[in-house]
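These notes are about the structure you will find just below.
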2 protein chains.
Amino acid sequence: MNKIESIGSVVRYHRKKAGLTQKQLATLAGVGKTAVFDIEKGKKTVRLNTLTAILSILNIHLIVQSPLMDQYYHDEGSE
Amino acid sequence: MNKIESIGSVVRYHRKKAGLTQKQLATLAGVGKTAVFDIEKGKKTVRLNTLTAILSILNIHLIVQSPLMDQYYHDEGSE
DNA sequence: AATATTTTCCCTTTATAGCAGTAATATATA
DNA sequence: TATATATTACTGCTATAAAGGGAAAATATT
């Protein structure tokens, strides 16, 4: 149940486990090395696509949760 | 288990349920009306803090998931 | 220890997110 | 139907994210 606020340390942990340097991860994700550094450092003003590009390489997923999601599935499914 | 890709329609659904206009939601979240419009339209290059400001008002949470998360909790907890 | 590698933090440039206005279209309400 | 409200979609402007280069600081390796 990790929240998005801790995404920086999660990214770093996964990157280390994958045996990648920041530069390598950046290249794989198609972003600059600064982006990886900034995200691990906890920068919140990164762009969503930049973040998801990095998460995708590390097999990390962002899941949307809310009390209304069940209702959302029901309503959206029937349209 | 909604993925981040569908965040636009999720935001719109929740906003409607909350009885808010895009402008009202934008004001509550402290962002411009364009940001709400763009996100609902599916724009991916929004900034993370802009998105989370909006999600926070609607009580929507982004959860971080991965196969290594259990291990992450264990390792991080003991440090 | 020395050396190599990586990370952190500068810098400058470029691209664009986000803003407020405005107007047109669409939707809802009378 | 008319009319109010909301959404969409432009504008021009400002702030800043991201890239890449480089160098110091921190880590890792020999």
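FYI, side chains are in, hydrogens and waters are out, and symmetry mates aren't considered; it's all heavy atoms of this structure. A note on names: the letters A, B, ... follow the listed sequences, proteins ahead of strands, and every chain is numbered from 1. Just so we're clear, the structure is a prediction, and the values are computed from it rather than from any experiment.
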Between the opening five pairs and the closing five pairs of the helix from C:dA1-D:dT30 to C:dA30-D:dT1, how far apart are the helix axes, to 10°?
60°

Would you say that B:Arg12 contacts B:Gln22 through its side chain, given a criterion of any heavy-atom pair below 4.5 Å between the two side chains?
yes

Below 4.5 Å, heavy atoms only, C-beta onward: do A:Lys17 and B:Asp75 meet side chain to side chain?
yes

Test item: B:Tyr73 side-chain N/O and A:Asn2 main-chain N/O as donor-acceptor pair under 3.5 Å
yes

Under 4.0 Å from OP1 or OP2 of C:dT8: is there any side-chain N or O of A:Arg12 that close?
yes

Got a sec, which residues hit side-chain contact (heavy atoms from CB on, under 4.5 Å) with A:Thr27, two or more places apart in sequence or on another chain?
A:Lys23

Any residue of residues 14-28 of chain A with a heavy atom less than 4.0 Å from an atom of DNA chain C
A:Arg15, A:Lys16, A:Thr21, A:Gln22

5'-most to 3'-most nt of DNA chain D touching chain A (<4.0 Å, heavy-atom partner on protein side) reads D:dA17 to D:dG22

Separation of B:Ile39 CD1 from B:Lys44 NZ (nearest 0.5 Å)
11.5 Å

Identify, residue by residue, the members of residues 33-55 of chain A with a heavy atom below 4.0 Å from DNA chain D, and return them in order of residue number, or none.
A:Lys33, A:Thr34, A:Ala35, A:Lys43, A:Thr45, A:Val46, A:Arg47, A:Thr50

Can you give each donor-acceptor pair under 3.5 Å made by side-chain atoms of residues 50-68 of chain A, sequence neighbours left out, with the distance rounded to 0.1 Å?
residue : atom : partner : partner atom : Å
A:Thr52 : OG1  : A:Leu48 : O            : 3.0
A:Thr52 : OG1  : A:Asn49 : O            : 3.1
A:Ser66 : OG   : A:Leu68 : N            : 3.1
A:Ser66 : OG   : A:Met69 : N            : 3.4
A:Ser66 : OG   : B:His14 : NE2          : 2.5

Joint hydrophobic cluster, B:Val11 plus A:Tyr72, side-chain heavy atoms closer than 4.5 Å
yes

Indicate, with yes or no, if B:Leu28 and B:Phe37 share a hydrophobic cluster defined by side-chain heavy-atom contacts under 4.5 Å among Ile, Leu, Val, Met, Phe, Trp and Tyr.
no

Between A:Lys41 and A:Lys43, does the side-chain contact (heavy atoms from CB on, under 4.5 Å) criterion hold? Intermediate values first, please.
CA-CA 6 Å; A:Lys41 205 180 124 199; A:Lys43 189 177 186 182; 5.7 Å; no

Do the side chain of A:Arg15 and the main chain of A:Leu20 share a donor and acceptor less than 3.5 angstrom apart?
yes

Taking all non-hydrogen atoms of both residues, which atom of B:Gln24 and which atom of B:Gly19 are closest, and how far apart?
OE1-O, 3.8 Å

